[in-house]
Amino acid sequence: MLKKTLTRRSFLTVSAMTAATLALDWKKISAYAAKMGPLEKYPTVVIGAGLGGLTCAAYLARQGIPVTLLEQHEIPGGYATSFDRAGGKFTFEVSLHGTSIHDNAPARILSEVGVLDKLQLVELPEVYRLKTPDMEIPVPQRNPEGYIRLALQYPKMWKVRNMTLADLLDRHVQNEKLKETLSALWGYYGLPPSKLSGFYYATATGGYLKNGSYHIKHRSQDLSYLMAEAVEKAGGTILYETAAEKIQLKNGAVAGVATSKGETLPARAVVSNASALTTLGKMLPENALPSEYMNKLKSFRPSISSFIVWLGLNEELRGKIPGFSTHVSSGRGPEADYAAGMAGDIEKGSFSVSIYDNVFEGYSQPGTSTLMLLFLCGYQPWKRFEDDYGAGRKNAYRREKERWADVLIKKAEKQVIPGLSSMIEVREAATPLTNRRYTRNPEGAIYGFEQSMDNAFMNRIENRTPIKGLYLASAWGSPGGGFTGVFRGGELAFQEMMEDWGG
Ligand SMILES: Cc1cc2nc3c(=O)[nH]c(=O)nc-3n(C[C@H](O)[C@H](O)[C@H](O)COP(=O)(O)OP(=O)(O)OC[C@H]3O[C@@H](n4cnc5c(N)ncnc54)[C@H](O)[C@@H]3O)c2cc1C
């Protein structure tokens, strides 16, 4: 029993330690603030109201820093959003499947910015469910024992930080099906086991297994609105439908931000929630950054993107099909599934089916259900439509979109929901170009930069940039994508700014 407890603890140590030791030191923050003098001397502009930008802006406003948040869209949230169809009969979630907000760093962050107690969280019925041609495995909530066998080999997780997930599994698991089961959440991090940091996978997945995986009631847009409200209540200003175009410098330091409305906002600091590639590559004056830094930046790849089909059904599915979010693998393993996604081979790739009505009663209106079918894919298959899409010539693009949607619906009908096509009342689809249009993320990336071995954890690009006063707070920065990743990124950017100003 003792051995089991210790082992369980060691496996979960990293995520727990991470939560505890990385907490903001408010004594230090107060000491920095005391040295700063009048706070009106620190006007700050945050570019982008995705969750990373909102988190940083909320901390800054709470601290009394005069903060203006610019958002090019008309509502906050970035990917953490939802939209209505059929006159509001169906409300579709854009991104969230599961997030771990419970007794951990993300819960602390949301509590510090005054949002946690207003947020309605619903525990998912299971962490994930894998369906292959010959098995179906649900992974239960808050029951990490299934993973303990792996942990037994690794009393010190830190030792594995230089290994890919594939290396880690190869060392200790022989059965290929078991390997696939243990790595089934690869889609949450956007890379297959051969490219993904084993340490990153184990700690983040350990977090889900230990703290549970949650959905936000009713949609992730509720969280985004609460965060925006927290920024404004604390004295911050949010300007919607206002894009940042250029970051102006004076003597090598940030001086202001030129907006799409023709204004220039003076700034002693700028925090960018927009993509790092755009911020550092397009918004700054030419040659502002050291070439070594730019070359490194160019060597990093945007993460995987997504093709989504949302379906509004004229039937209640709640409780009739097991599970909430089922990852349906092709049976050819995660490497082949990732390759099919990158190549846009929708017939052969894996996909997931999320039955949101299984999360809580009343998710959809009576007599209806709401589904998301998700195929993680590369940008390349959609790049050929880029120019036409931008110019509003969308016929060929739409035909391809409908073709992909038809394939995905057929696959979901065959493998998860019999009779699906006869229940469809509303259908909508989004491609990597849709992602790019709404969030301006290059290549429609959903997790910022890939969590590749040369850009993860200790090696991850820093939120503090070489330009004095310019910080990143997004999936592109540290620690990376996902809701919990960008909460932490926003917090880190705030901490670094305070250190730089008052340290
Ligand atoms: C289909 C899908 C499923 C996902 N599932 C999950 C999941 O289950 N769990 C999870 O944790 N994560 C999930 N994610 C990932 C997660 O949603 C993202 O990693 C995270 O929300 C990114 O947040 P961000 O702060 O980097 O900002 P983003 O969401 O990328 O938003 C950036 C914001 O900046 C704004 N902006 C950009 N340029 C400018 C400019 N020049 N001026 C003004 N504003 C600008 C954009 O309009 C946008 O609002 C999913 C994502 C997708 C797409």
Side-chain angles (χ1 to χ4, degrees), residues 45-57 68-81 92-101 106 124 128 185 187-190 204 207-208 213-216 220 223-224 227-228 238-247 257-261 270-279 282-283 302-310 324-325 352 354 372-377 430 432 434-442 444-449 451 472-477 479-490 493:
V45 174
V46 177
I47 304 172
L51 293 180
L54 286 165
T55 306
C56 191
T68 306
L69 175 52
L70 303 179
E71 170 53 51
Q72 54 107 19
H73 196 29
E74 58 197 20
I75 48 171
Y79 286 127
T81 191
F92 295 113
E93 169 63 43
V94 167
S95 61
L96 184 63
H97 294 75
T99 178
S100 186
I101 303 176
L124 294 177
Y128 65 91
L185 268 193
Y188 268 32
Y189 316 107
Y208 278 112
S213 187
Y214 291 80
H215 195 70
I216 287 160
S220 65
L223 165 66
S224 303
M227 304 271 294
I238 305 183
L239 303 177
Y240 292 105
E241 298 183 79
T242 308
E245 292 189 334
K246 293 282 175 203
I247 297 168
V257 175
T259 77
S260 55
K261 299 265 166 82
V270 172
V271 180
S272 184
N273 176 235
S275 96
L277 288 173
T278 318
T279 309
K282 297 199 172 140
M283 289 191 195
S303 79
I304 204 158
S305 186
S306 55
F307 179 80
I308 305 175
V309 178
W310 292 277
F324 151 58
S325 187
S352 71
S354 299
M372 184 203 280
L373 313 180
L374 172 63
F375 173 58
L376 291 177
C377 69
T434 323
N435 289 356
R436 207 179 67 136
R437 174 173 154 217
Y438 281 100
T439 64
R440 299 198 182 186
N441 281 306
I446 65 173
Y447 303 127
F449 282 125
Q451 287 285 343
L472 305 176
S474 72
W476 299 84
F483 282 35
T484 57
V486 300
F487 293 145
R488 177 72 188 138

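Below, all heavy atoms of this structure are taken into account, side chains as well, without hydrogens, waters or symmetry copies. Start at 1 and go down the list; that is how both ligands and their atoms are numbered.
Between Asn435 and Asn441 there is no side-chain heavy-atom pair separated by less than 4.5 Å. The closest side-chain heavy-atom distance from Phe483 to Leu223 is below 4.5 Å.
Between Phe324 and His97, the ring planes lie tilted relative to each other; the angle falls in the 30° to 60° range. Classification of the His73-Tyr438 ring pair by plane angle, with boundaries at 30° and 60°, yields perpendicular.
Interface atoms of ligand 1 facing Ala475, defined by a heavy-atom separation under 4.0 Å, are 26 (O). Of all the atoms in ligand 1, the ones that sit under 4.0 Å from a non-hydrogen atom of Ser474 are 26 (O). Residue Gly481 has at least one heavy-atom neighbour below 4.0 Å for each of these atoms of ligand 1: 19 (O). Heavy-atom contacts of Asn441 reach the following atoms of ligand 1: 30 (O) (cutoff under 4.0 Å). Residue contact check: Tyr438 has heavy atoms under 4.0 Å from atoms 47 (O) of ligand 1. In summary, the atoms of ligand 1 found under 4.0 Å from a heavy atom of Ala243, numbered by their order in the structure, are 42 (N), 43 (C). Of all the atoms in ligand 1, the ones that sit under 4.0 Å from a non-hydrogen atom of Ile47 are 40 (C), 42 (N), 43 (C). Near Tyr447, with a cut-off below 4.0 Å to any heavy atom, the atoms of ligand 1 are 14 (N), 15 (C).
Cys56 SG to Ile47 CD1: the interatomic distance, rounded to the nearest 0.5 Å, is 12.0 Å. In this structure, OG on Ser354 lies 8.5 Å from CG on Leu373, to the nearest 0.5 angstrom. Residue Thr242 holds its OG1 atom at 12.0 Å from CD of Glu74, rounded to the nearest 0.5 Å. To the nearest 0.5 Å, atoms CG (Leu54) and CD (Glu71) are separated by 8.0 Å.
Given atom 44 (N) of ligand 1, the protein heavy atom at minimum distance is Gln72 N, 3.2 Å. At the top of the distance list for atom 50 (C) of ligand 1, counting protein heavy atoms only, stands Ser95 CB, 3.6 Å. What sits closest to atom 35 (C) of ligand 1 on the protein, heavy atoms only, is Glu71 OE1, 3.3 Å. What sits closest to atom 11 (O) of ligand 1 on the protein, heavy atoms only, is Phe483 N, 2.8 Å. For atom 1 (C) of ligand 1, the closest non-hydrogen atom of the protein is Ile308 CD1, 3.5 Å. For atom 53 (C) of ligand 1, the closest non-hydrogen atom on the protein side is Ile446 CG2, 3.2 Å. Here the heavy atom of the protein found nearest to atom 34 (O) of ligand 1 is Gly48 CA, 3.3 Å. What sits closest to atom 38 (N) of ligand 1 on the protein, heavy atoms only, is Ala274 CB, 3.4 Å.
Judged by the shortest distance from any of its heavy atoms, Met283 lies inside the 4.0 Å radius around the atoms of ligand 1. Heavy-atom distances between Asn435 and ligand 1 stay at or above 4.0 Å for every pair. Gly98 counts as a contact of ligand 1, since one of its heavy atoms falls under 4.0 Å from the ligand. Not a single heavy atom of Trp476 sits less than 4.0 Å from an atom of ligand 1.
Side-chain contact annotation: Trp476 with Asn273, donor-acceptor N/O pair under 3.5 Å absent.
Annotation: Gly52 places an N or O atom under 3.5 Å from an N or O atom of ligand 1; distance criterion only. Residue contacts with ligand 1: Asn273 is placed with a nitrogen or oxygen under 3.5 Å of a nitrogen or oxygen of the ligand (distance criterion only). Residue contacts with ligand 1: His97 is placed with a nitrogen or oxygen under 3.5 Å of a nitrogen or oxygen of the ligand (distance criterion only). The distance criterion of under 3.5 Å between nitrogen or oxygen atoms is met by Gly482 with respect to ligand 1.
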